[in-house]
There are 2 protein chains.
Amino acid sequence: MKTLQMTSSDRTTFLTSRFFGRLPCSTVDAILEDARLSTFKEHDILFHQGDSIVDVFFVLSGLIRLYRVGKDGRQADVAVFSKGEMFADNTMYLGRATASAEAAEASVIARFDSAKLRQLAAADPDVAQAFIEHLCHRGKMTEDLLAQDRLLTATQRVASYILSHCPNGTATSFSFRLPFQKSVLAGKLGLAPEALSRAFSTLRRSGVIVKGRIIEIHDRLALERF
Amino acid sequence: MKTLQMTSSDRTTFLTSRFFGRLPCSTVDAILEDARLSTFKEHDILFHQGDSIVDVFFVLSGLIRLYRVGKDGRQADVAVFSKGEMFADNTMYLGRATASAEAAEASVIARFDSAKLRQLAAADPDVAQAFIEHLCHRGKMTEDLLAQDRLLTATQRVASYILSHCPNGTATSFSFRLPFQKSVLAGKLGLAPEALSRAFSTLRRSGVIVKGRIIEIHDRLALERF
DNA sequence: TCTAGCTATTGACCAAGATCAACTTACCGA
DNA sequence: TCGGTAAGTTGATCTTGGTCAATAGCTAGA
């Protein structure tokens with residue numbers, strides 16, 4: 001882990017993010033003054049489930065996965081965060097990490113002091129609002145995963161994920177590049193990597209072609225029928 | 001649905017709840033002035049997934065389940081709320097219901113105007129903090145369910161639920177009464193009712209005896225081994 | 001260019017839980 | 001007290017996805 005200086009590109013990442021983007025620049029500046037940047041190598045652990053956490057984290061680049069560990073050592077992902085996303089903000093109030101955090105790729109992470117942010121949230125309604133909105137959104141993402149796990153088959157979950165990357169408009173074919181390894185997508189969707197692979201294989205008959213990280217959809221309507 | 005007056009017992013329910021309990025009485029009084037109470041019969045729908053919601057809801061008595069509906073009409077519970085719990089507060093900021101709400105038992109529900117609560121949260125840091133803490137807690141509950149679904153078998157999930165009702169202390173045997181029908185517990189744990197029944201049957205060999213809604217645990221340590 | 005290691009795919013097998021059906025138990029109202 | 005209905009249990013079968021192993025493909029470094 002190495003300490004870094006913030007670049008103007010980093011600053012842009014903050015300003016265009018969900019949390020910071022709705023705050024006045026002066027407030028953002030005040031918060032960013034306190035930012036401490038670190039790099040993490042792939043597989044580095046940021047914190048463990050149950051740890052006392054005194055920081056809030058933000059992804060400047062790379063990928064972070066949150067996971068819980070079962071008694072038998074197996075891991076289950078509960079969230080994945082990419083560039084521009086804040087995480088572990090719930091620990092400002094819960095105090096302890098609800099899951100472990102690991103860098104799924106080499107990452108640059110900014111950290112902010114929880115106590116200072118709590119004070120700022122108490123003093124500035126805009127900051128409190130930003131947290132409330134962020135937590136509402138985060139909660140919906142988790143609820144989405146729970147509902148999908150409970151309602152959909154593996155293939156339907158993959159189809160749904162693909163459709164969520166469909167550009168707006170009426171195009172029936174499109175392609176996109178997976179922003180991470182397939183094993184990370186498998187974890188996010190609550191599947192074993194083999195099951196993800198089989199789901200892609202099943203979707204091949206519905207016009208989904210996988211070339212490494214590139215996913216080509218030849219018939220969007222066929223996907224929507226899953 | 002019938003409109004009701006608030007009783008002193010209702011007021012106590014508010015004051016001892018997670019959300020209201022941490023607020024000054026003057027703030028609680030201001031919020032409760034706006035409360036509108038209604039009764040719902042079992043199976044009454046409060047709102048549907050996707051509805052525009054302009055209220056925040058609170059359970060004074062009874063039981064509310066939030067569920068999502070799949071394309072095939074199947075339902076998956078994503079949360080269950082009992083007396084003293086607030087729900088659909090995320091719609092203050094998301095605007096639309098992320099799930100449908102149904103009374104799982106005859107219920108008395110208080111409703112509060114979202115716009116007024118948003119204004120109050122913007123004006124009063126204590127109210128904003130109460131929402132933030134409530135959303136953090138709520139998010140952890142959802143993450144708990146997601147992680148359990150992904151990590152545990154049906155029997156382990158039931159064992160875990162039972163252990164969460166274990167009184168503090170060193171007693172190795174105890175009993176408690178399920179606060180709702182078993183079919184509601186099944187939904188909450190993401191199981192078919194038959195699967196819940198089989199899990200209880202499996203746990204019989206580990207000292208768990210089911211008598212209607214009464215669950216008797218004869219060997220807590222055996223349960224902890226699941 | 002080649003080799004080693006990592007990622008992903010495919011095959012085979014097995015376990016868990018859903019689904020459907022039938023039966024039992026419990027509760028409520030007449 | 002009796003009958004009807006709802007809740008819960010149990011059996012059988014099927015589907016889905018996990019696990020383990022082997023293989024293929026891809027990438028990076030020498």
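Throughout, a chain's letter reflects where its sequence line sits, starting with A, and its residues are numbered from 1.
- For the contact set between residues 148-161 of chain B and DNA chain D, defined by any heavy atom under 4.0 Å, there are no members.
- Between A:L191 atom CG and D:dT16 atom P there is a gap of 13 Å when expressed in whole angstrom units.
- For D:dT9, neither phosphate oxygen OP1 nor OP2 lies less than 4.0 angstrom from any side-chain nitrogen or oxygen of B:S201.
- A salt bridge links B:D55 with B:R36: the closest approach of a Lys/Arg side-chain nitrogen to an acidic carboxylate oxygen falls below 4.0 angstrom.
- Rounded to whole angstrom, the span from the CG atom of B:L178 across to the C1' atom of D:dG8 amounts to 12 Å.
- For A:Q181, counting side-chain heavy atoms from C-beta on, the closest listed nucleotide (C:dC20, D:dG8, C:dT7) is C:dT7.
- To the nearest angstrom, P of C:dC6 lies 22 Å from CZ of A:F180.
- In this structure, A:R11 forms no cation-pi arrangement with A:F14, as its terminal cationic atom is not both closer than 6.0 Å to the ring centre and no more than 45° off the ring axis.
- Taking the six-membered ring where the residue is Trp, A:H165 and A:Y161 present tilted rings, their angle falling between 30° and 60°.
- Between B:E143 and A:R138, at least one side-chain nitrogen of the basic residue sits less than 4.0 Å from a carboxylate oxygen of the acidic one, meeting the salt-bridge criterion.
- Nearest to the side-chain atoms of B:E42 among the listed nucleotides C:dT10, D:dA7, C:dG17 stands D:dA7.
- We find that CD of B:Q75 is positioned 15 Å from P of C:dA18, with the value rounded to whole Å.
- Geometrically, A:K182 engages A:F200 in a cation-pi contact defined by less than 6.0 Å to the ring centre and at most 45° from the axis.
- When rounded to the nearest whole Å, the span between CG of A:L185 and P of C:dT7 equals 15 Å.
- The residue among B:F200 and A:A192 whose nearest nucleotide of DNA chain D lies closer to the 5′ end is B:F200.
- Rounded to whole Å, atom P of D:dT19 lies 12 Å from atom CZ of A:R198.
- Rounded to whole Å, atom P of C:dG11 lies 13 Å from atom CD of A:E194.
- Checking the phosphate oxygens (OP1, OP2) of C:dT9, a side-chain nitrogen or oxygen of A:K182 falls inside 4.0 Å.
- Within 4.0 Å (heavy atoms only), A:R74 reaches sugar-phosphate atoms of the nucleic acid but no base atom.
- Ring centroid separation for the pair A:F19 and A:F131 comes in under the 6.0 Å cut-off.
- Computed from coordinates, the B:L189 CG to C:dG17 C1' distance equals 14 Å when rounded to whole Å.
- Taking the charged nitrogens against the carboxylate oxygens, B:R96 and B:D51 have no contact shorter than 4.0 Å, which rules out a salt bridge.
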